[in-house]
Number of protein chains: 2
Amino acid sequence: MTDAKQTISDRIQEKLDDLTRAERQLALSILENYPASGLGPLTTLAKGAHVSVPTVARMVQKLGYKGYSDFQADLRDELGAIAKGPIAKHETWAGAAPSEHVLNRFTEAVIDNIRNTMAHIDPVAFDEACALVADQTRHLYIVGGRITHTLAEYLFMHLQVIRPNVTHVPSTSNTWPHYLLNAEDGDVFVIFDVRRYENNTLKLAELAHARRTKIVLFTDQWRSPVHRLADISLTSQIIVPSAWDSATTTMLLLESMISAVQTLNWETTRDRMQELEDIFDKTKLFRKFT
Amino acid sequence: MTDAKQTISDRIQEKLDDLTRAERQLALSILENYPASGLGPLTTLAKGAHVSVPTVARMVQKLGYKGYSDFQADLRDELGAIAKGPIAKHETWAGAAPSEHVLNRFTEAVIDNIRNTMAHIDPVAFDEACALVADQTRHLYIVGGRITHTLAEYLFMHLQVIRPNVTHVPSTSNTWPHYLLNAEDGDVFVIFDVRRYENNTLKLAELAHARRTKIVLFTDQWRSPVHRLADISLTSQIIVPSAWDSATTTMLLLESMISAVQTLNWETTRDRMQELEDIFDKTKLFRKFT
DNA sequence: ACAATTGTGAGAAATTAATTACAGGACCAA
DNA sequence: TTGGTCCTGTAATTAATTTCTCACAATTGT
């Protein structure tokens with residue numbers, strides 16, 4: 001037992017000497033276009049390698065598989081594991097805890113979410129969204145739902161420092177129609193809507209859309225119906241081993257956006273932050289150290 | 001048609017809007033484990049995505065394929081082309097963006113934070129904290145600060161469903177002394193305090209400590225002064241390339257705790273969640289699908 | 001010439017894909 | 001609320017493909 005898991009490619013190369021001429025020819029053909037060629041029909045593979053069908057059947061059995069289907073299944077598994085990316089699938093994060101501990105299972109799921117989210121995100125759209133949010137000439141409305149209003153508020157708090165003209169609108173409230181009265185052509189709505197999509201949020205988005213405002217949507221992989229009205233949708237994968245969904249990945253996107261917007265507006269932000277510091281100093285709400 | 005070649009992944013995402021709910025569910029399932037899952041048998045794919053066989057057939061046709069086999073062949077071609085091309089650069093997270101893009105720099109920093117946090121966490125202490133939070137015989141107070149009150153509220157919302165006797169106390173408020181009147185020996189305070197530690201929060205912690213309550217503290221690597229009063233401190237690394245700190249890692253710890261507490265209280269939680277669902281159904285605040 | 005290997009062709013068995021009709025839900029608009 | 005529309009899963013059936021095996025002939029290398 002050298003290694004817990006060796007790739008099928010390794011396995012083939014290892015057995016290469018035990019194979020006969022036609023079998024070797026087949027094996028090399030598989031390795032040549034690996035792993036795609038091994039995932040097609042048996043006859044195609046045979047034809048591509050210029051060997052006969054029984055040769056293929058014989059070889060996979062020599063490799064230790066029950067049949068070609070078995071071999072294919074293993075190939076698919078390997079492909080799935082590889083696609084997961086640079087970090088091993090079963091890495092233990094909290095080293096002091098067993099891998100079945102909730103900390104490790106949860107962390108693994110979140111890392112997976114992050115990887116998947118980043119793999120599918122369109123950086124151009126992301127940059128456009130940041131530019132919209134950074135544009136101080138547009139009034140900015142931030143809308144959250146039942147769960148997501150915490151994320152909305154997190155964004156709101158930071159943007160308040162970065163720029164003026166920001167309003168936080170809780171969609172689960174009777175008062176949100178009032179906010180729309182002021183919304184004009186060109187203003188920006190940042191809307192959060194994840195699973196258990198809320199009718200209120202959709203209504204609000206529709207009204208905002210009707211007023212020709214720009215809409216930036218934070219949603220999950222299943223996409224809130226709001227996305228049809230949104231100019232830019234940023235989707236996160238949010239599945240975790242829990243009865244609830246995870247907000248961590250969305251939070252990551254959010255903080256990335258805050259960071260980007262802060263950079264875009266740095267001149268303004270620096271002054272405003274300094275003022276804020278001064279006010280804090282005066283009020284003694286915070287401690288300098290310890 | 002902008003560029004000559006688009007991947008099937010792109011093609012799916014592009015058509016995502018034209019798909020119906022179940023079809024989208026299927027499409028996302030394919031993207032989730034791409035491209036391995038699409039190379040297996042149709043029935044396996046359908047089962048894995050929790051959709052029916054005809055749905056798969058309908059979707060691939062909407063994507064412009066003659067049938068599932070046709071779709072698979074295209075997938076294999078793409079896989080073959082990828083393998084031939086430049087070696088996959090898995091250094092970056094958002095593959096479509098350069099490694100200097102804020103998304104990649106930020107994500108890398110957050111992953112680093114997670115790794116570091118998990119490396120230093122004491123799982124026994126974590127479990128003890130979960131047990132305290134899960135204990136329904138103790139009244140639970142949740143305290144957040146200027147920034148962290150969003151995290152506090154996130155925890156509060158979930159625990160409200162899991163168990164009774166939970167109170168959210170904003171430390172930046174004139175009213176918090178009132179809450180302490182009711183705090184008794186054995187009650188639990190969950191306190192959030194990260195950089196720019198707040199005097200109010202410390203005062204509140206001192207008073208809570210004087211009343212012999214248990215204190216669970218979420219803080220950062222520099223540790224809030226509250227930690228001297230806390231029974232259990234859970235520290236996160238929160239540094240990111242930004243003018244602010246990151247809450248993502250703390251959020252991860254938080255969600256792990258919610259998941260653990262939910263498991264500990266599953267009997268109670270299940271019933272309460274069911275009731276909640278029923279109420280949602282009646283109020284029609286949420287939509288079932290799409 | 002002998003032994004091992006390989007291909008041929010054919011056919012059985014198993015799996016898989018594709019289609020249909022229908023009933024139950026969800027959504028929507030009046 | 002209600003009727004209508006669209007979507008979806010179930011189940012059953014058929015068609016098609018694919019895997020697998022066999023016996024035997026052809027080929028190759030020794």
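Values in this document were obtained by computation on a predicted structure and should not be read as measured data. Reminder, nothing fancy here: chain letters follow the sequence lines and each chain counts from 1.
- For B/M59 and C/dA18, the CE to P distance is 12 Å, given to the nearest whole Å.
- Comparing A/R58 and A/L42 against DNA chain D, the residue whose closest nucleotide sits nearer the 5' end is A/L42.
- Within the cation-pi definition used here (under 6.0 Å to the ring centroid, within 45° of the axis), A/R11 qualifies as a partner of A/Y65.
- A/Q61 comes within 4.0 angstrom of the backbone, heavy atoms only, and of no base.
- Smallest separation of non-hydrogen atoms from B/L79 and A/A36: CD2-CA, 4.0 Å.
- In the set D/dG9, C/dG9, C/dT6, the nucleotide with an atom closest to the side chain of B/V51 is D/dG9.
- Computed from coordinates, the A/K66 NZ to D/dT18 P distance equals 20 Å when rounded to whole Å.
- In this structure, A/R115 forms no cation-pi arrangement with B/Y34, as its terminal cationic atom is not both closer than 6.0 Å to the ring centre and no more than 45° off the ring axis.
- The side chain of A/Y68 lies closest to D/dT19 when the candidates are D/dG9, C/dT6, D/dT19.
- Side-chain N/O atoms of A/T43 include none lying less than 4.0 angstrom from OP1 or OP2 on D/dT17.
- Side-chain proximity of A/P54 to the nucleotides C/dG9, D/dT8, D/dT10 is greatest for C/dG9.
- Protein atom NZ of A/K47 is 13 Å distant from nucleotide atom C1' of D/dT17, rounded to whole Å.
- Rounded to an integer number of Å, the gap from CD of A/Q25 to P of C/dT6 is 9 Å.
- The side chain of A/P41 has D/dT19 as its nearest neighbour among C/dG9, D/dT19, C/dT5.
- With a 6.0 Å radius and a threshold of 12 heavy atoms from other residues, nucleotides or ligands, B/K62 has its NZ atom above the threshold.
- Counting to the nearest Å, the P atom of D/dC7 and the CG atom of B/L19 are 11 Å from each other.
- Here C/dC28 presents its P atom at 8 Å from CZ of A/R228, a figure rounded to the nearest Å.
- Atom P of nucleotide C/dA4 and atom NZ of A/K62 are separated by 13 Å, given to the nearest angstrom.
- Listed nucleotides: C/dG7, C/dT6, D/dT8. Nearest to the side chain of A/T55: C/dG7.
- A centroid separation of less than 6.0 Å is found between the aromatic rings of A/H139 and A/Y141.
- The CZ atom of A/R21 sits 8 Å away from the C1' atom of D/dT28 (whole-angstrom rounding).
- Considering only the side chain of B/S69, C/dA17 comes nearest among D/dT8, C/dA17, D/dT21.
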